[in-house]
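Below is one structure, written out as structure tokens; the observations come after it.
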Amino acid sequence: MTKEIGITVKKSNDFSDWYTQCVLKSSIADYSPSKGFIILRPYGYAIWEIIRELLDDELRKTGHKNGFLPVLIPESLLTKEKDHFDGFMPEVFWVTKSGDSDLGEKLAVRPTSETIAYSMFSKWISSYRDLPLKMNFWNSALRAEIKSTKPLIRNSEFLWQEGHTAHKDENEADQEVRVILDIYKNLIEQFLALPTLSGFKTEKEKFVGAKYTTCLESLMADGKALQMATSHHLGQNFSKPFEIKFLNKDTVEQFVWQTSWGISWRVIGAIIMVHGDDKGLILPPKISPTQVIIVPIYKDDSKAVVKQKAYELEQILKDSKIRAQTDDRDEYTSGWKFNDWEMKGVPLRVNVGLRDIKENKVELIRRDTKERFYVTEKELVNQTLSTLEKIQSNMFDRAKIHLQENTRSATTLEELLSLLDTSGGFVACSWCGKRECEDLVKEKTTADIRIVPFNPKNNISSCIGCGKQETIEVYFGRAY
RNA sequence: GGGGUUGUCGUCUAGCUUGGUAUGAUGCCAGCCUCGGGCGCUGGAGGUCGUCGGUUCAAAUCCGACCAGCCCCA
């Protein structure tokens with residue numbers, strides 16, 4: 001038994017250290033030389049590529065087209081919408097020089113691209129025939145995160161997609177916001193196996209410059225909430241300062257109604273935090289770059305025949321569109337490989353040795369339940385497919401139970417605080433809608449209103465802050 | 001925004017209090033041994049001790065600044 005390799009802390013003992021070790025040791029990402037930035041390594045990028053392709057498909061199907069925007073935004077554009085600028089100002093990186101000479105106008109490194117995109121929209125849109133305009137951009141955004149960084153969860157630069165649309169009326173923009181949120185929800189729940197709560201952000205928490213924000217929230221294993229994706233209705237807040245106008249069928253000039261929305265590589269962090277265990281990651285089969293890892297177990301004299309069998313099995317699985325891989329490295333023992341792939345979170349492993357070949361069978365080992373069983377070579381494909389499905393749904397179910405068990409309700413501030421302190425999670429409370437009450441709770445408990453649910457359960461009482469009777473249901477939580 | 005803490009071969013680490021030759025493991029390379037849960041043996045390479053400056057005959061060690069990581073609180 002060698003020490004100091006693998007994950008050295010338990011998930012339940014030191015969640016933060018456990019998470020960082022998972023990210024680093026599974027080769028997902030590494031720290032960069034400059035503060036707050038990380039480097040996504042091939043294993044992490046492979047996961048991102050799968051997520052990106054899945055989402056890109058859905059966006060194309062719903063009529064969105066990809067484009068590319070410059071990373072630098074002139075100061076004059078960024079400042080055009082005041083709330084938007086005030087909100088992002090503290091974390092904007094600025095470019096002020098080219099070589100030795102000062103630039104005439106400061107350039108902001110994009111914290112998000114609404115302003116530059118909409119400066120172009122105003123050129124491209126002039127008729128109702130130009131609408132709706134639905135664009136998407138796969139890029140990175142930069143926001144100076146000096147304190148409290150965490151790989152993939154909070155960094156100064158992150159990969160994401162940002163969608164930007166323009167519509168003829170408010171209703172169409174409303175629908176777009178919900179279409180996108182549904183696409184996100186489906187991706188996150190059905191593919192990443194992460195259950196979410198969906199709803200609105202409060203005025204305080206909404207995107208700066210938006211009319212309203214919808215979002216998806218998930219619960220991490222340590223009881224903290226994590227915002228997974230957001231979809232904003234921008235109203236005409238940007239179309240007016242950016243003068244994005246069109247002539248409608250009645251030849252009346254109107255401002256467009258807009259939406260913007262995004263999801264980032266943060267979801268990879270969520271997958272790790274929610275699904276992982278003391279041995280490392282557990283990746284949902286649908287987004288795992290390797291779904292089945294085949295480990296040949298051989299001695300010198302059986303090496304050739306066992307490896308040959310492993311390659312055959314790999315090909316059989318690949319022929320059925322299963323992402324299979326053989327670990328044929330001679331320099332590691334099979335035991336080492338077992339641990340390595342478990343740390344990387346590959347959902348299903350196939351063990352094959354001389355013994356198995358003689359008996360015409362192989363051993364399958366599930367990463368999520370550690371369950372192991374033998375199948376004949378003939379059954380391999382079907383068993384693999386059905387087991388991958390079982391793993392996928394089991395992972396979602398487990399996470400769903402965790403979410404349900406950690407979603408409680410409280411009627412008083414004391415009760416809320418005690419729930420947050422003992423178990424974290426989401427706490428449903430009644431709220432009068434006033435900012436002062438929201439701030440009061442934040443001050444007393446450090447929790448935010450994570451979400452104003454689309455589907456409240458209607459267990460309404462008096463406001464958690466001021467005791468007023470007319471209230472709505474909201475979910476509080478401490479968040480990353 | 002406030003406070004705390006850490007930085008030594010690729011990785012983890014001893015040494016720092018009390019200044020004087022850099023410790024061990026793992027990984028890497030070569031060779032042997034074989035592999036059903038992080039095998040074993042032999043030999044070898046690998047270090048501007050985070051960076052810059054100061055004190056000193058002498059600094060990983062003492063002092064200062066900076067850089068980077070982590071934690072706690074707002």
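In this text, all values refer to a predicted model and were calculated from it rather than measured experimentally. In what follows, every chain begins at residue 1, and chains take the letters A, B, ... in the order their sequences are listed.
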Can you sort out the partners of [X] under salt bridge (Lys or Arg N to Asp or Glu O under 4.0 Å), two or more places apart, ordered by chain and number?
| X | value |
| --- | --- |
| Lys211(A) | Glu170(A) |
| Lys82(A) | Asp86(A) |
| Asp356(A) | none |

Check: Is Arg450(A) positioned over the aromatic face of Phe426(A), cation under 6.0 angstrom from the ring centre and no more than 45 degrees off axis?
Finding: no

Name every donor-acceptor pair, under 3.5 Å, that has one atom in a side chain of residues 369-376 of chain A and the other anywhere in the protein, sequence neighbours excluded.
unit_1	atom_1	unit_2	atom_2	d
Thr369(A)	OG1	Arg366(A)	NE	3.3
Thr369(A)	OG1	Glu371(A)	N	3.3
Arg372(A)	NH1	Glu363(A)	OE2	3.1
Thr376(A)	OG1	Glu379(A)	N	3.3
Thr376(A)	OG1	Glu379(A)	OE1	3.3

Margin query: Once you apply a heavy-atom cut-off of 4.0 Å, does Glu331(A) come out as touching a base, just sugar-phosphate, or nothing?
Written below: nothing

Might you list the N or O atoms of the protein lying below 3.5 Å from N or O atoms in nucleotides 2-5 of chain B, with each pair's distance?
unit_1	atom_1	unit_2	atom_2	d
G2(B)	O6	Lys147(A)	NZ	3.4
G3(B)	O6	Lys147(A)	NZ	3.3

Check: Is there a Watson-Crick or G-U wobble partner for A14(B) with both distances under 3.5 Å, and which nucleotide is it?
Finding: none

Determine the interatomic distance between [atom1] on [N] and the same-named atom on [M]; round to the nearest Å.
| N | M | atom1 | value |
| --- | --- | --- | --- |
| U34(B) | C16(B) | C1' | 44 Å |
| U17(B) | G3(B) | P | 28 Å |
| U11(B) | G69(B) | C1' | 15 Å |
| U51(B) | C57(B) | C1' | 26 Å |

Checklist line | Below 4.0 Å: OP1/OP2 of C35(B) and any side-chain N or O of Lys337(A) | finding: no

Note to self: OP1 or OP2 of G36(B) versus the side-chain N and O atoms of Tyr298(A): is any pair under 4.0 Å?
What the structure shows: no

Notebook entry, point to check: For Phe200(A), what residues pass the ring-ring contact (aromatic ring centres under 6.0 Å, His included) criterion, not counting sequence neighbours?
Noted result: Tyr212(A), Phe454(A)

Checklist line | Contacts of type ring-ring contact (aromatic ring centres under 6.0 Å, His included), residue Tyr332(A), not counting sequence neighbours | finding: Trp336(A)

Identify the pairs formed between an N or O of the protein and an N or O of nucleotides 43-51 of chain B at a distance under 3.5 Å, and give each distance.
none

Margin query: Can you pull out every side chain to side chain donor-acceptor pair (under 3.5 Å) where at least one residue sits in residues 294-315 of chain A? Sequence neighbours excluded, please.
Written below: Tyr298(A)-Asp330(A), Lys303(A)-Asp330(A), Lys307(A)-Asp330(A), Lys309(A)-Glu312(A), Lys309(A)-Glu377(A), Tyr311(A)-Asp328(A), Glu314(A)-Lys318(A), Glu314(A)-Thr326(A), Gln315(A)-Asp319(A)

